[in-house]
Amino acid sequence: MAVSNLPTFAIPSQAERAALSAQLALELAWHADAPRFQTDDEIRTAAAAGRLIEFTSTDNLARIRGYDKHKDEPGRTPYLTHGAHAVAGLFGEIWRRTLQGEFGIDDPTLRLSITSMVRSQTYQDRLVQD
């Protein structure tokens, strides 16, 4: 049975739920060892201890303005794990080379937007409810 990601108003059957759980198992395993933070304060404490890195805009990547403009609101902590920070940087470099080499676009004002970073469980729960 295929599970669709198209919007629907139908209530999923038990079989659909079971299929979805099986399909998500690999992704959930990827994140099993990821640090968990209940609150933004826990995220900031981890950052102060060096376990997370504040993401700042680069030549290739830009954090969205909400992280700066609304930095004191819950969920606006602009931090990444060390691994995510490294991968984001590499992805930005590859994207820039592809943009220039394959498409001939050499515009330094173009950057990829980083829209999501480490989230507290409190903020994640709020996003799921909304």
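Just so it is clear, the structure is predicted and the values come from calculations on it, not from any experiment. When reading the values below, keep in mind they use all heavy atoms of this one structure, side chains included, and skip hydrogens, waters and symmetry mates.
Summarising the geometry of E16 relative to S13, their closest heavy-atom pair is OE1-N, 2.8 Å, with the distance given to 0.1 Å. Taking each heavy atom of L110 and W95 in turn, the nearest pair found is O-CH2, 3.6 Å. Nearest approach of S120 to D40, heavy atoms of both residues: OG-OD1, 3.4 Å. When all heavy atoms of F55 and A62 are compared, the closest pair comes out as CE2-C, 4.1 Å.
Within the model, atoms CZ of R119 and CZ of R36 stand 12.5 Å from one another, a figure rounded to the nearest 0.5 Å. Here the CZ-CG distance, from R96 to D106, works out to 7.5 Å after rounding to the nearest 0.5 Å.
A donor-acceptor pair is defined here as one N or O able to donate and one able to accept, closer than 3.5 Å; no such pair exists between the side chain of H85 and the backbone of L52. Checking side-chain atoms of T122 against main-chain N and O of Q38 turns up a donor-acceptor pair under 3.5 Å. T77 places no side-chain N or O within donor-acceptor distance of the main-chain N or O of Y79, the cut-off being under 3.5 Å.
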> How far apart are the C-alpha atoms of E42 and R51, what are their side-chain angles, what is the distance that settles it, and do they pass the salt bridge (Lys or Arg N to Asp or Glu O under 4.0 Å) test?
Replying inline: CA-CA 11 Å; E42 287 181 17; R51 294 185 3 235; over 6 Å; no

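Cluster annotation: M117 and I64 are assigned to the same hydrophobic cluster (Ile/Leu/Val/Met/Phe/Trp/Tyr, side-chain heavy-atom contacts under 4.5 Å, transitive). The cluster map of Ile, Leu, Val, Met, Phe, Trp and Tyr, joined by side-chain heavy atoms under 4.5 Å apart, puts L90 and L80 in different clusters. Residues I94 and I114 fall into different hydrophobic clusters, defined by Ile, Leu, Val, Met, Phe, Trp and Tyr side chains chained together at heavy-atom separations under 4.5 Å. No continuous path of ILVMFWY side-chain contacts below 4.5 Å connects L127 to F37, so the two sit in separate hydrophobic clusters.
The 12-atom threshold is not exceeded at CG of D59, counting heavy atoms of other residues, nucleotides or ligands nearer than 6.0 Å.
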